[in-house]
Amino acid sequence: MRAALERMPGPVLAYCQGGNRAARLWALAQAGSMPADAILAAGRTAGVDLSALGDHLNAAPHVPQPATGRPGARRFNVVIAGGGAAGLATAASILRRRPGIALAIVDPSATHYYQPGWTMVGGGIFTPEQTRRPEEGLIPAGATWIRQPVAGFLPEAREIALEDGTVLSYDVLVVATGLTLDWAAIPGLEETLGRNGVTSNYRYDLAPYTWQLVQGLSRGRALFTQPPMPIKCAGAPQKAMYLSCDAWRRRGVLKDISVGFDTATPALFGVAAFVPALMAYIERYGIDLHLRSKLVAVDGARRVATFERATEGGSERVEQTFDMLHAVPPQVAPAVVRSSPLAGADGFVAVDPATLRHATFADVFALGDVAGTSNAKTAAAVRKQAPVVAVNVLAALDGKAPVATYDGYGACPLTVERGRIVLAEFGYGGRLAPTLPLWLLRGTQPTRLAWFLKEKVMPQLYWRGMLRGRELLAAPRNASGA
């Protein structure tokens, strides 16, 4: 009973017909770790008299032992749940620092995607094939790849359960599962994706359809949407719109296309310093902007989108016909995380925003889209988070407190036209955090240099740098700020 209570996630239900046997088992399991008076008081509160157990409740103090894993469990020093950008970058950074540790990456995917490139696919700049590679070739040397989905987190026992029934035991866990695109949250959207003019750059298979629609549209109405936060890459819905408008402008048909942008956010962008440059393009392209407006239903056959828009007195529902609809769904933490002891009130993993260590479990860290932090959920954020987590994981293995901190850095290259980008870089609280000196690149203005970085440099930095544990301009800061 004691082992079960220590190993299983709570609450634990112990059953017997009258409740006495279950209560006595619980009481004996607490002996030595809970004062006898407290055990007796808990019994009285539950209506059970435990006094007959007498001296058995005064057992020698019970000292919990380090997790060694249940019989048959596979044991690792570090288990990383998720083999996307966050999981691979963290694994590579850990193994570069300490090659000999036992590290497992748990992820069933055979293919790895460079998701920041999907906007460029939807704009006709990249091919889909440029944004994918086999996962096998990206697993760091020295890591064990376990091709299974995670079925459950058992942090009290330092274990995770896999879909096939396998149990993995760990000293330190890193959660990097990403988030879930909740297409079904908008009635009618999921069943019409990829047809009836409905698309989204948030899926590999749909980004080419975006470009197909842009090329085929010469007149009519094109709608672009953004759901409530949090979402991955909050600028991506706008990027799709700007690149589409620029393509129509170059073809001379923009004047015949009515473009609308409905965003659930209260402002065009979350950091005020970048809004003026973006508003200039809203006006340049003649975009009908609606703030505090979210997509709530799609009728693909009729080509009608329904929006719920805030008004002074509450809200109203508005139907809009369309010839093209670029839709972005609400986004939530994966179900396996939301239902676990690791989740905070918002469903994402509850972590300290600086050290990225779990708020309750000192041997658990999280990063990337699944982390419950206020930073932008972007690959650029992961590039800075991964070394921090790597250093702090190794400190935890050594029995030490976290020694590195993350400042909330994120970056969003806003592709306002083909050849120019507003490179938004910022940290916690909207603090501007430019990487390059302002005389070279001023992120609040559209520049050609930022486009060059997005098109040529960033993909290589991702594939050859970040995923390999090379921390160019991403060295972690220690807890003292140095």
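Everything numeric here is computed off the predicted structure, so don't read it as measured data. Start at 1 with the first residue, then count along the sequence.
Side chain of His326 to backbone of Asn201: a donor-acceptor contact under 3.5 angstrom is found. A donor-acceptor distance shorter than 3.5 angstrom exists from the side chain of Asp49 to the backbone of Ser51, with no hydrogens or angles considered. For Trp145 (side chain) and Asp107 (main-chain N/O), a donor-acceptor pair under 3.5 Å exists by modelled atom type. With hydrogens and angles disregarded, a donor-acceptor distance shorter than 3.5 Å links the side chain of Tyr406 to the backbone of Tyr409. The backbone N or O of Val328 sits nowhere less than 3.5 Å from a side-chain atom of Ser200 that would complete a donor-acceptor pair. Side-chain atoms of Glu425 come within 3.5 Å of backbone atoms of Thr435 as a donor-acceptor pair (strictly under, hydrogens ignored). Judged by distance alone, the side chain of Glu471 and the main-chain N or O of Pro387 form no donor-acceptor pair under 3.5 Å. For Asn392 (side chain) and Ala404 (main-chain N/O), a donor-acceptor pair under 3.5 Å exists by modelled atom type.
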(message) Before you tell me yes or no, could you show the steps for Asp369 and Lys377 under salt bridge (charged side-chain N to carboxylate O under 4.0 Å, His left out), namely the whole-Å CA-CA distance, both residues' side-chain angles and the distance that decides it to 0.1 Å?
(response) CA-CA 5 Å; Asp369 295 345; Lys377 296 183 182 296; 5.6 Å; no

(message) Could you go through Arg470 and Leu472, starting from their C-alpha distance and side-chain angles, then the distance that decides it, and tell me whether this counts as side chain to side chain contact (heavy atoms under 4.5 Å, CB included)?
(response) CA-CA 6 Å; Arg470 299 184 176 98; Leu472 178 64; 5.9 Å; no

(message) Walk me through whether Leu367 and Phe365 qualify under side chain to side chain contact (heavy atoms under 4.5 Å, CB included).
(response) CA-CA 7 Å; Leu367 75 159; Phe365 295 83; over 6 Å; no

(request) For Tyr170 and Phe76, run ring-ring contact (aromatic ring centres under 6.0 Å, His included): C-alpha distance rounded to whole Å, both residues' side-chain angles, the deciding distance at 0.1 Å, then the answer. (result) CA-CA 5 Å; Tyr170 59 80; Phe76 295 91; over 10 Å; no

(request) Check the pair Phe126, Tyr114 against ring-ring contact (aromatic ring centres under 6.0 Å, His included), reporting the backbone distance first and the verdict last. (result) CA-CA 11 Å; Phe126 288 176; Tyr114 176 56; 7.2 Å; no

(request) Determine, step by step, whether Phe269 and Cys412 satisfy the side chain to side chain contact (heavy atoms under 4.5 Å, CB included) criterion, reporting the C-alpha distance in whole Å, the side-chain angles of both residues, the deciding distance to 0.1 Å, and the verdict. (result) CA-CA 11 Å; Phe269 195 72; Cys412 186; 4.3 Å; yes

(message) Apply salt bridge (charged side-chain N to carboxylate O under 4.0 Å, His left out) to residues Asp407 and Lys384 and explain how you reach the verdict.
(response) CA-CA 9 Å; Asp407 62 3; Lys384 290 294 188 78; 5.5 Å; no

(request) Go through the steps for Asp346 and Arg338 under the test salt bridge (charged side-chain N to carboxylate O under 4.0 Å, His left out), then give the verdict. (result) CA-CA 8 Å; Asp346 60 0; Arg338 296 198 309 270; over 6 Å; no

(message) Does Ile94 form a side chain to side chain contact (heavy atoms under 4.5 Å, CB included) with Arg96? I'd like the steps, not just the answer.
(response) CA-CA 6 Å; Ile94 290 173; Arg96 274 182 170 266; over 6 Å; no

(request) Take Arg158 and Asp363 through the salt bridge (charged side-chain N to carboxylate O under 4.0 Å, His left out) test and state the conclusion after the steps. (result) CA-CA 8 Å; Arg158 293 186 185 171; Asp363 48 15; 2.8 Å; yes

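In this structure, CD on Gln385 lies 12.0 Å from OG on Ser93, to the nearest 0.5 angstrom. One finds the OG1 atom of Thr225 at 5.0 Å from the CG atom of Leu295 (value rounded to the nearest 0.5 Å). Atom CD of Glu136 and atom CZ of Arg133 lie 14.5 Å apart (nearest 0.5 Å). A distance of 9.5 Å separates OG1 of Thr90 from CG of Leu103, quoted to the nearest 0.5 Å. Distance check: Glu308 CD to Ser293 OG gives 8.5 Å after rounding to the nearest 0.5 Å. Atom CZ of Arg468 sits about 13.0 Å away from atom CG of Leu461, to the nearest 0.5 Å.
No side-chain donor from either of Thr111 and Ser109 sits under 3.5 Å from a side-chain acceptor of the other. A donor and an acceptor atom, one from each side chain of Gln115 and Thr131, are nowhere located under 3.5 Å apart.
The shortest heavy-atom contact between Ala176 and Gly87 is CB-N, 3.7 Å. In terms of heavy atoms, Leu268 sits closest to Gln238 at O-NE2, 2.7 Å. Between Pro140 and Ile105, the closest heavy-atom pair is CD-CD1, 3.7 Å. Summarising the geometry of Gly178 relative to Val370, their closest heavy-atom pair is O-CB, 3.3 Å, with the distance given to 0.1 Å. For Phe261 against Pro237, the heavy-atom pair with the smallest separation is CE1-CB, 4.3 Å. Closest non-hydrogen pair, Arg303 versus Gly197, comes out as NH2-N, 3.7 Å.
Under the 4.5 Å side-chain criterion, counting only non-hydrogen atoms from C-beta, Arg75 is in contact with Asp171. With a 4.5 Å cut-off on side-chain heavy atoms, Met229 and Thr265 count as touching. Side-chain contact check for Phe153 versus Leu173: some heavy-atom pair is nearer than 4.5 Å. The shortest side-chain heavy-atom distance between Glu163 and Pro108 does not fall under the 4.5 Å cut-off. In this structure, the side chains of Tyr209 and Leu193 stay at 4.5 Å or more apart for every pair of heavy atoms. Counting heavy atoms from C-beta outward, Thr306 and Val298 have side chains that stay 4.5 Å or more apart. Between Asp262 and Arg309, some side-chain heavy-atom pair lies under the 4.5 Å cut-off. Side-chain contact between Val106 and Val79: present, with at least one pair of heavy atoms (C-beta onward) separated by less than 4.5 Å.
Taking the ring centre of Trp118 as origin, the terminal cationic atom of Arg203 falls outside the region bounded by 6.0 Å and 45° from the ring axis. Both the sub-6.0 Å distance and the 45° axial angle are not jointly satisfied by Lys239 relative to the ring of Phe224.
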Which atom pairs, donor and acceptor, lie under 3.5 Å between side-chain atoms of residues 180-190 and protein residues at least two apart or in another chain?
none

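For Lys232, the NZ atom sits in a packed shell: over 12 heavy atoms of surrounding residues, nucleotides or ligands are nearer than 6.0 Å. Within 6.0 Å of CZ on Arg464 lie no more than 12 heavy atoms contributed by other residues, nucleotides or ligands.
The side-chain contact (heavy atoms from CB on, under 4.5 Å) search around Ala376 returns Thr378, Phe426, not counting sequence neighbours. Residues satisfying the salt bridge (charged side-chain N to carboxylate O under 4.0 Å, His left out) criterion with Glu135, sequence neighbours excluded, are absent altogether.
Ion pairing between a basic and an acidic side chain is recognised when a charged N comes within 4.0 Å of a carboxylate O; Asp164 and Arg147 show no such pairing.
Relative orientation of the Tyr204 and Tyr113 rings is tilted, given thresholds of 30° and 60° on the angle between their planes.
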